[in-house]
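Please read the structure below before turning to the comments.
FYI, the numbering just counts along the sequence from 1. Start at 1 and go down the list; that is how both ligands and their atoms are numbered. Every heavy atom of this structure was used, including side-chain atoms; hydrogens, water molecules and symmetry mates were not.
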Amino acid sequence: MSASAHLMLLEEIIALEERHTSGLNTKRPIALVRGQGAVVWDANGRAYIDCMTGHGVAALGHCHPEVTAAIQVQAATLVACSEAVYNDQRAALMEELTHHTPGDLKRVFLCNSGAEAVEAAIKFARFFTRRTEVIAATRGFHGRTMGALSATWNAKYRDPFLPLVPGFRHVPFNNLAALEEALTDQTAAVLIEVIQGEGGVHLAEPGYVQGLRELCTARGVLLIVDEVQTGMGRTGRWFACEHFGVLPDMLCLGKALGGGVPMGAVIWREALGTLPPGIHGSTFGGNPLACAASRAVVRVMERDGLPERAARLGEKLLADLRAIRSPLIREVRGRGLMVGVELRRRATPLLRALMDRGVLAMPAGSTVVRLLPPLVIMEEQLDQVVQAMAQALSDATAAQNGSGASEEEG
Ligand SMILES: *Cc1c(COP(=O)(O)O)cnc(C)c1O
C-alpha cells in the first residue's frame with residue numbers, strides 16, 4: 001500500500017513537500033533518496049558527489065557501515081532513556097569523546113542540535129560567571145534559537161524576530177583591539193567560530209585567537225568556541241581550536257557528532273566545576289540511540305585517522321582549486337576539508353552548474369561556494385570535484401564573454 005520513499009516520482013515528492021512546506025527553504029529541484037560514502041542518488045537514479053553532506057553532518061560519508069550497525073543494534077536494544085538514570089552508551093560516549101578534547105575539557109552536556117549546544121553554553125556561561133553579557137563576532141553564525149540567534153550576526157536571520165536577548169554585542173572578526181574595547185565587567189563570555197562557516201569560510205588569525213584567550217583569562221571572561229561546523233575532524237584536527245594552540249573554556253559541538261543522528265554537545269573545562277541539578281536539561285539529550293551512533297563516529301574517526309586524512313586531502317584540494325585559473329575566482333580559503341571558493345559574482349549559478357556536472361556544493365553567504373565533502377571521500381572523487389569546478393567556471397566565463405560579444409554585435 002504505502003510505497004517506500006525512493007519509489008516515488010520526483011514530481012510526486014516535490015508536490016507533497018510543496019503542499020505542506022513551511023516555506024523556509026529555497027529548494028533545488030532534486031530529491032535525494034539514497035547515499036553511500038561520498039555519493040548520493042536522486043529520485044531519478046542520478047548520482048552526485050556530495051560536498052554538502054547535510055551541512056557537514058555526514059563526515060563519515062553516508063550510511064557508514066559501522067554507524068549503520070550501531071544505530072541498528074541500539075534501536076533493537078534501548079532507545080528511550082532519560083538523564084534521570086545512568087546509561088551504558090552515554091557513559092561510554094562521554095569517556096571516549098573527551099579522550100580527544102584538549103586540556104581539561106571533560107564535562108559534557110548532551111543535547112540534540114548545534115543551536116541547543118550554543119544556547120546551553122550561553123546559559124552556563126551566565127551561571128558560571130554570574131555575569132550577563134556575551135560578545136560575538138561579525139559574520140558569526142551560532143544557530144537560530146533566541147539566545148543563539150542573538151549571537152548570530154546576519155540581519156536577515158535576526159531582524160524578523162527582534163527584540164532578541166539583551167546583552168549581546170558584535171565586534172569585527174580578527175580585531176583584537178575592538179574586542180578589548182567591548183569587554184565590560186559584565187561580560188560573561190566571548191563566543192566565536194575560529195573558522196567561520198556560514199559567514200563565508202573565514203579563518204581567524206592565530207594571534208587573534210591567542211590574544212582572545214589571554215584577554216578572556218585576564219578579565220575573568222569565558223571563551224566559548226563554537227565548533228558545531230569545524231569540530232570532529234573537519235578541519236584536519238579533531239577540533240579547530242587545536243590549530244591555534246588555544247584551550248577554550250567551552251566547546252560547542254553538533255553537526256558531524258552524531259553521524260547523521262541529531263546530536264549536540266557542550267564540553268567545558270573541569271576547572272569550571274559542575275552545574276546544580278535541574279537548572280537546565282533536555283528530554284532527548286544523551287539518548288542511547290544518538291550516543292551509540294556518536295560512539296561509532298568517534299571510534300571510526302580515531303581508528304581510520306580521519307582528522308589527519310582531512311588535513312592531507314584538504315591541502316591537496318586547496319592547492320588544486322588555487323591552480324584553477326579563472327577570472328571569476330577572488331580567493332580560495334579553508335582548512336582541512338572545509339573549503340570556500342569566493343567568487344567575484346553570485347554563487348548560485350555556479351552551484352547549479354556544479355549540480356548539472358554531478359557535484360553538490362553549498363553557498364556560504366552570497367558569493368562563496370562552500371565544499372564540505374565527507375572525510376572519507378576518495379582522492380579520485382575529489383579530483384572530479386575540482387574538474388567540475390574548473391569546467392563550470394570556464395563555461396561561465398565563456399558564456400559571459402559570449403553574451404558580451406553578442407551585445408557588442410547587437
Ligand atoms: C550549523 C551551526 C549552528 C547551528 O546548528 P543547528 O544544528 O542547525 O542548530 C551553530 N553554530 C555553527 C558554527 C554552525 O555551523
Residues in side-chain hydrogen bond (donor to acceptor under 3.5 Å, both in side chains) with E133, at least two apart? T184

Between R333 and E342, is there a side-chain N and carboxylate O pair less than 4.0 Å apart? yes

Pairs involving residues 348-369, ordered by first then second residue, that meet side-chain hydrogen bond (donor to acceptor under 3.5 Å, both in side chains) (sequence neighbours left out): R357-Q391, R357-D395

For ligand 1, the residues whose heavy atoms come within less than 4.0 Å (ordered by chain, then number): S113, G114, A115, F141, H142, G143, E193, D226, V228, Q229, K255

Suppose we call two aromatic rings close when their centres sit under 6.0 Å apart. Are H280 and F109 close by that rule? yes

Let me see the working for E193 and R139 under salt bridge (charged side-chain N to carboxylate O under 4.0 Å, His left out), right down to the final yes or no. CA-CA 10 Å; E193 300 158 271; R139 286 193 310 246; over 6 Å; no

What pairs with A178 under side-chain contact (heavy atoms from CB on, under 4.5 Å), at least two apart in sequence or on another chain? V171, P172, N175

